[in-house]
2 protein chains.
Amino acid sequence: MADYAAHRGPGGAPGLILNVAVLGVGMHIGAWRYRGDDAATFADIEFYQELGRQAERGKLHAVFLADTLACAEENFERPNLGALDPTVALTAIAAVTKHVGLVATASTTYNEPYNLARRIASRDQLSRGRASWNIVTTFVPDVAANFGGARLPPPTERYERAEEFVEIVIKLWESWEPGALVGDKASGLFADASRVHRLDHEGKHYSVRGPLTLPRTRQGRPLLYQAGSSEQGRDLAGRFADAVFVAQNRKDEATAFRNDIRARAAKFGRDPDHVKITPGFLPILGGTVAEARRRKEELDSLGGDAELRKLALRVGVPVSALDLDKPLPFDLIDANPDFRGSQGFRAAAIALAKDENLTVREILYQNGGGHPQVVGTPEQVADFIEDWYRDSAVDGFNLMIDVLPDGLRDFVDQVVPILQSRGVFHHDYVGETYREEMNIPVPV
Amino acid sequence: MADYAAHRGPGGAPGLILNVAVLGVGMHIGAWRYRGDDAATFADIEFYQELGRQAERGKLHAVFLADTLACAEENFERPNLGALDPTVALTAIAAVTKHVGLVATASTTYNEPYNLARRIASRDQLSRGRASWNIVTTFVPDVAANFGGARLPPPTERYERAEEFVEIVIKLWESWEPGALVGDKASGLFADASRVHRLDHEGKHYSVRGPLTLPRTRQGRPLLYQAGSSEQGRDLAGRFADAVFVAQNRKDEATAFRNDIRARAAKFGRDPDHVKITPGFLPILGGTVAEARRRKEELDSLGGDAELRKLALRVGVPVSALDLDKPLPFDLIDANPDFRGSQGFRAAAIALAKDENLTVREILYQNGGGHPQVVGTPEQVADFIEDWYRDSAVDGFNLMIDVLPDGLRDFVDQVVPILQSRGVFHHDYVGETYREEMNIPVPV
């Protein structure tokens with residue numbers, strides 16, 4: 001509990017960060033069949049706006065949207081986890097909310113920095129200071145095929161480009177100094193040109209002149225989330241990120257990860273308290289443990305063998321190599337050095353399996369979609385959150401809700417009040433912007 | 001009045017199309033100083049949502065948003081005409097409206113087809129079938145500088161790329177057959193994979209595999225607007241466009257343009273009635289002519305010499321070559337064969353000036369920002385609209401309102417009822433989608 005004080009939110013309020021991560025209509029593969037309404041609602045405005053309203057009712061810090069730039073085989077079995085452009089979905093949410101942060105995942109590999117900087121800044125303006133960008137570099141061959149061919153840049157190049165990309169985006173966001181928009185109607189001075197700056201960036205991968213079409217936003221600039229836990233990803237986080245999304249299945253490893261990112265931030269001359277680590281966490285709630293387990297079993301029965309296939313993909317072996325009642329085939333996993341998927345998800349699943357000597361079936365039970373999972377009562381879910389938080393393993397969590405929006409409503413009704421009464425989670429929003437809610441000043 | 005019947009809307013309703021074009025806080029250069037509220041509201045959500053509400057109150061067909069991918073010198077003098085990403089602004093409008101169409105300008109030169117197709121389809125899903133894309137190829141050197149360097153593709157290459165780009169976007173929008181999203185919860189069949197198709201497009205400029213992340217939208221696919229009246233632009237319109245935005249300052253030339261596009265559509269095997277031509281039109285309203293002129297003069301006095309400089313840019317001569325009390329310097333204009341601006345705007349201004357033997361001052365009076373302008377009473381504005389419409393010079397207009405949102409509110413209160421009582425404009429929305437309102441079936 002050494003640096004628990006570091007977690008404190010604005011005004012000394014409890015600083016636990018809770019976001020809702022929106023992947024399709026819920027993190028569980030059976031979610032679309034479990035839900036009450038039409039299967040097409042994953043692309044309906046009311047679905048997203050209801051999520052925003054529920055998140056804000058629960059005083060959550062942000063709605064976090066995934067992004068998928070391809071339609072793969074698995075998307076014929078259930079909704080694509082990031083079917084809609086996140087900017088569009090989050091703007092629809094912005095229109096019916098006032099406080100909740102809006103985090104959109106977007107790829108540095110398949111966007112142009114000027115377009116992306118402008119799009120996020122536009123969202124930041126229209127949400128009055130609530131936008132965040134979750135930086136990903138994208139490692140999916142299906143995506144590469146939609147963007148000019150099968151070439152998938154190797155990780156080193158991807159991250160080199162990402163670093164230059166992020167630098168440009170930040171410079172564009174800051175190309176108008178605070179106050180450069182004068183707006184003096186009497187004199188006719190709209191903007192002070194001497195306080196608006198070109199970038200004239202000529203780098204290895206990009207050439208961007210600037211300035212941006214938009215002035216500085218209310219929160220200084222949008223927050224940067226980072227996802228990806230490879231060596232290069234961690235460095236990117238240490239250098240730039242205000243917050244990090246990661247898969248961590250064990251408290252000790254989560255602690256080590258958090259310490260590592262904080263150390264990297266310090267190495268880059270930053271205050272480690274200004275980088276918040278929020279791993280994914282999957283609560284499956286019931287009034288009793290038995291009830292929660294029934295919910296999980298019903299969801300599993302609706303998901304077919306999709307969870308098994310997803311695990312196979314995650315660790316990089318064919319599904320036929322997995323036996324529900326045996327351990328993971330570590331020899332096969334090690335024999336695949338060309339693995340191009342997420343290093344973070346693979347490492348998390350392997351660590352969990354090895355450490356607790358789990359069968360494949362047991363992994364699927366504890367490791368919901370690659371993240372730690374508690375199938376239990378609101379108190380048990382609150383216990384897990386509080387335990388990791390108080391021990392400084394995390395600054396908060398991205399809640400990977402099993403079924404949306406119902407699972408979120410249950411969390412808000414049942415878990416949030418417990419965390420509030422325990423003095424861990426704030427009782428209300430206190431800031432004007434997402435940056436203020438996160439208690440992270442604008443980096444200098 | 002030969003084919004006035006062709007204009008008829010759904011159910012035989014009057015078929016005049018009226019959109020509001022949103023460029024900054026109004027088409028007039030002095031708009032930002034004339035308005036009552038803060039100069040920063042051009043980037044505020046309430047400004048855009050109020051426009052949507054006013055447009056819908058007036059039963060207008062669409063809100064049409066400009067796009068600018070650069071910040072130029074003139075943007076220090078007044079709001080950038082397309083500062084915000086149009087997708088973001090239109091989604092905010094979608095959230096508070098039910099019927100009005102949402103047209104976003106986007107460049108084929110500075111986007112990737114997969115990203116753009118997905119973004120527009122996302123907007124179409126969340127607006128429940130109201131999205132449209134205004135296709136532009138972009139000819140601004142300032143923009144090129146923000147995207148990898150100073151290279152500005154020559155028109156032929158721009159349009160060749162545009163054609164391939166549009167083909168891909170349409171195929172992506174149609175990659176899920178109608179009904180491919182089955183959503184049968186009992187059997188667990190989410191989508192029928194046999195009815196979702198890859199493109200496997202391998203063209204000269206793009207390689208895109210597909211399919212899109214989203215199923216077919218409610219209106220079949222988003223409408224295609226096209227802007228640009230060069231030879232290649234017209235062919236693109238004839239081949240693909242559901243509607244065309246153009247600058248036309250004379251009724252006879254507008255008629256010729258409309259006939260030309262209709263003929264090109266027929267040449268491509270399409271029904272000419274399925275391409276709607278809606279030039280820009282700038283009404284400046286007053287209770288009396290004197291009142292309207294006072295409004296115009298006040299706006300002009302707030303605009304400084306910006307209108308003059310804009311005209312110089314539009315015809316491709318230095319501002320010093322223009323004398324308010326003399327005709328345009330046609331010799332200088334002709335001596336600039338490398339002119340890279342909009343051919344349509346230049347031709348429209350020159351035709352008007354030559355035909356009516358106007359001084360520069362008179363051009364600025366009749367040619368508001370490159371479009372025909374009526375400074376007068378609601379009846380006079382209605383007369384102009386009705387005259388061009390009944391004579392089949394146009395299918396409708398993009399209203400380039402002088403000052404937003406006030407000028408739009410005045411138009412809705414004062415001009416719309418006149419057009420309705422004359423049987424020219426519909427009394428209410430009758431369709432479920434923007435495509436139905438426009439009475440344009442999904443192209444086969």
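Letters A, B, ... are given to chains in the order of the sequence lines, protein chains preceding strands, and every chain is numbered from 1.
Of the possible polar contacts, none joining the R78(A) side chain to the F190(B) backbone as a donor-acceptor pair under 3.5 Å is found. Not a single donor-acceptor pair under 3.5 Å links the side chain of R123(B) to the backbone N or O of V88(A). No donor-acceptor pair under 3.5 Å is formed between the side chain of S122(B) and the backbone N or O of L84(A). The backbone N or O of A145(B) sits nowhere less than 3.5 Å from a side-chain atom of R209(A) that would complete a donor-acceptor pair.
Atom-to-atom distance recorded for D85(B):CG and N115(A):CG is 7.5 Å, nearest 0.5 angstrom. In this structure, CG in L214(B) is found 7.5 Å from CG in N80(A), a value given to the nearest 0.5 Å. Here CG of N146(B) is found 7.0 Å from CG of L172(A). Values are rounded to the nearest 0.5 Å.
The two residues W176(A) and C71(B) make their nearest non-hydrogen contact at CZ2-SG, 3.9 Å. The two residues A193(B) and F76(A) come nearest to each other via the heavy atoms CB-CD1, 3.6 Å.
Listed options T87(A), T68(A), D192(A) were ranked by heavy-atom pairs under 4.5 angstrom with chain B; first place goes to T68(A). For the set P86(A), A94(A), A95(A), the count of heavy-atom pairs under 4.5 angstrom toward chain B peaks at A95(A). When each of E77(A), E73(A), R128(A) is scored by its heavy-atom pairs under 4.5 Å with chain B, the top score falls to R128(A). Interface remark: of the candidates A92(A), A70(A), G210(A), A70(A) forms the most heavy-atom pairs closer than 4.5 Å to chain B. When each of V96(A), L189(A), V182(A) is scored by its heavy-atom pairs under 4.5 Å with chain B, the top score falls to L189(A). Interface check for chain B: of the options A39(A), A83(A), G183(A), S127(A), the most heavy-atom pairs under 4.5 Å are formed by A83(A). In terms of heavy-atom pairs under 4.5 angstrom with chain A, the leader among D38(B), D142(B), L199(B) is D142(B).
Only the backbone of S187(A) comes within less than 4.5 Å of a heavy atom of chain B; no side-chain atom from C-beta onward does. Proximity to chain A (any heavy atom under 4.5 Å) is shown, for A121(B), by neither the backbone nor the side chain. Neither the backbone nor the side chain of R198(B) comes within contact range of chain A, judged by heavy atoms closer than 4.5 Å. Of the two parts of A186(A), only the backbone, made up of N, CA, C and O, holds a non-hydrogen atom closer than 4.5 Å to a non-hydrogen atom of chain B. With a 4.5 Å cut-off on non-hydrogen atoms, R195(B) does not touch chain A at all. With a threshold of 4.5 angstrom between heavy atoms, I93(A) does not approach chain B through any atom at all. Of the atoms belonging to P79(B), heavy atoms from both backbone and side chain fall under 4.5 Å from chain A. Contacts of D184(A) with chain B are made by backbone atoms alone, with heavy-atom separations under 4.5 Å and no side-chain atom involved. For a residue to count as touching a neighbouring chain, one of its non-hydrogen atoms must lie under 4.5 Å from one of that chain's; by this rule L181(B) touches chain A with the side chain only. Neither the backbone nor the side chain of L90(B) comes within less than 4.5 Å of any heavy atom in chain A.
Interface with chain A: from residues 42-53 of chain B, residues F42(B), A43(B), D44(B), I45(B), E46(B), Y48(B), Q49(B) qualify, criterion being any non-hydrogen pair under 4.5 Å.
Around atom CD of E432(B), no more than 12 heavy atoms belonging to other residues, nucleotides or ligands sit under 6.0 Å away.
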Next on the checklist: As a quick check of understanding, evaluate salt bridge (charged side-chain N to carboxylate O under 4.0 Å, His left out) for R118(A) and D67(B), giving each step before the final call.
Outcome noted: CA-CA 11 Å; R118(A) 177 165 171 255; D67(B) 189 32; 2.6 Å; yes
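Taking the side chain as every heavy atom from C-beta outward, E112(B) and Y110(A) never approach each other to under 4.5 Å. No side-chain heavy atom of N75(A) sits under 4.5 Å from any side-chain heavy atom of T213(B). R119(B) is listed as a side-chain neighbour of R119(A), based on a closest heavy-atom distance under 4.5 Å.
Qualifying side-chain contact (heavy atoms from CB on, under 4.5 Å) partners for L23(B), counting only residues two or more places apart in sequence or in other chains: A21(B), M27(B), A66(B), L81(B), M400(B).
In summary, the aromatic rings of F147(B) and Y114(A) are positioned with their centroids under 6.0 Å apart.
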